[in-house]
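One-based numbering along the sequence shown. Each ligand, and each atom within it, is numbered from 1 in the order the structure gives. This is a predicted model, so every value here is computed, not measured.
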Amino acid sequence: MPANVFVRYGLLVLIALPIGFLLLNPQILRSVWIEKSGNFQAAQGMPNVYIGRSATPQQRSAFRTYVGQARNRIRRFWGSQQVRAILIYCPTQPDYEQYCAGGEGAGCSLGTPWGSAYLILGPDGNDVDVIAHELCHDELFVRLGWWRVKRQIPQWFNEGLALMVDYRYSHPAIWERPDQPETTFSRPDHEPTRPYTHHPMLKLSELETTRDFFGSDYNHTMLAYQIAADEVARWLSRVGRRNVPALTTAVASGESFRKAYQRIEKQSH
Ligand SMILES: [Zn+2]
């Protein structure tokens, strides 16, 4: 019967799509099977955290501390933490390349269209700023869904927001301690950031997609990070961090990102 055939083919497609997706993305397939991997161990007492067996005791203990601190930072920034991503720490570059295509950067986020999320931290990712940055991306995914983030959230906002909890690129006083002067914060190994610098070379409208943002060379990406951080710092210092979840709630209930972003800023005057 035609209806039966339709159901049968429909079912086949439903089964084939996720399998095809996993085969096309071997890094995601490995992440999905992390529990079964002999090279990784679940961190005791820390749900959803896996540490490469080649990590030294010092690396292990530092990683656990940084994950705890980063999760706290995310809770303070968003008001609560909804993230349920699985964190995978790869202490060596070869491990990292198995889980993060290209093995570039200190960390990367992987997601599936059906909602599973993995945060991969490489040898340079054993760092509270890197972990908080990646967790912030994931928080946005959880609150809006993969599809909505891909379709509606400009990459400059996604990155800019993550940079607000990544103190290599922004100043905690932007949202953590807005009443305190910036001089109370010092991090000798990092240049102090200048949140309001104006860069005329690139416009936000040229940083909408992942390709716009990362597609060019290293200098372009670094400039893109700075522009994204400047814009989100500007918005955040006007509206306050309470309006970050307010913005995602508005977008989740159907308001366009652009409208919600501008409306919240106007209302906060
Ligand atoms: Zn990022």
Side-chain angles (χ1 to χ4, degrees), residues 25 27-28 31 66-67 69-71 73-74 77-78 81-83 85-90 96-97 99-112 116-146 148-172 174-175 190 193 195 199 202 204 206-236 241 244 247-248 251 257 261:
N25 295 279
Q27 292 80 17
I28 295 184
S31 304
Y66 293 147
V67 169
Q69 289 174 347
R71 283 177 170 168
R73 197 182 288 177
I74 291 293
F77 185 64
W78 284 91
Q81 195 193 13
Q82 296 182 8
V83 158
I86 291 176
L87 275 75
I88 301 175
Y89 170 45
C90 306
Y96 184 46
E97 283 167 19
Y99 285 83
C100 199
E104 277 166 37
C108 72
S109 319
L110 303 177
T112 64
S116 311
Y118 303 89
L119 304 184
I120 318 295
L121 287 316
D124 297 330
N126 197 348
D127 176 285
V128 61
D129 287 315
V130 174
I131 300 169
H133 179 124
E134 299 301 332
L135 284 175
C136 189
H137 282 311
D138 195 48
E139 199 64 39
L140 195 67
F141 274 111
V142 170
R143 286 164 191 254
L144 290 180
W146 185 81
R148 210 177 248 125
V149 171
K150 291 285 168 204
R151 292 294 302 269
Q152 292 206 22
I153 302 298
Q155 193 62 24
W156 63 258
F157 182 75
N158 193 349
E159 287 304 331
L161 203 62
L163 294 172
M164 295 302 103
V165 294
D166 178 348
Y167 300 151
R168 297 168 304 168
Y169 291 87
S170 66
H171 200 288
I174 293 167
W175 64 274
H190 287 91
T193 47
H199 297 278
L202 270 176
L204 289 174
E206 296 169 318
L207 299 173
E208 295 270 329
T209 67
T210 323
R211 188 186 288 234
D212 291 342
F213 204 96
F214 297 106
S216 197
D217 55 80
Y218 175 83
N219 286 336
H220 169 94
T221 306
M222 285 300 118
L223 186 58
Y225 272 129
Q226 194 59 57
I227 291 168
D230 289 353
E231 169 55 23
V232 179
R234 185 198 65 76
W235 183 80
L236 192 59
R241 71 181 154 79
V244 174
L247 174 71
T248 53
V251 174
F257 168 81
Y261 189 79

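Look at Arg143 and Asp138 and you find no salt bridge, because none of the NZ, NE, NH1 or NH2 atoms lies under 4.0 Å from a carboxylate O.
Side-chain atoms of Asp166 never come within 3.5 Å of backbone atoms of His133 as a donor-acceptor pair (strictly under, hydrogens ignored).
The nearest N/O/S atom of Glu159 to the Zn ion (ligand 1) is OE1.
The Zn ion (ligand 1) does not have Asp166 among its coordinating residues (no N/O/S atom, backbone or side chain, under 2.8 Å).
Between Tyr99 and Tyr118, a ring centre-to-centre spacing not shorter than 6.0 Å is recorded. Two rings, from Phe213 and Trp156, have their centers 6.0 Å or more apart.
Rounding to 10 degrees gives 100° for the angle at the Zn ion (ligand 1) between NE2 of His133 and NE2 of His137.
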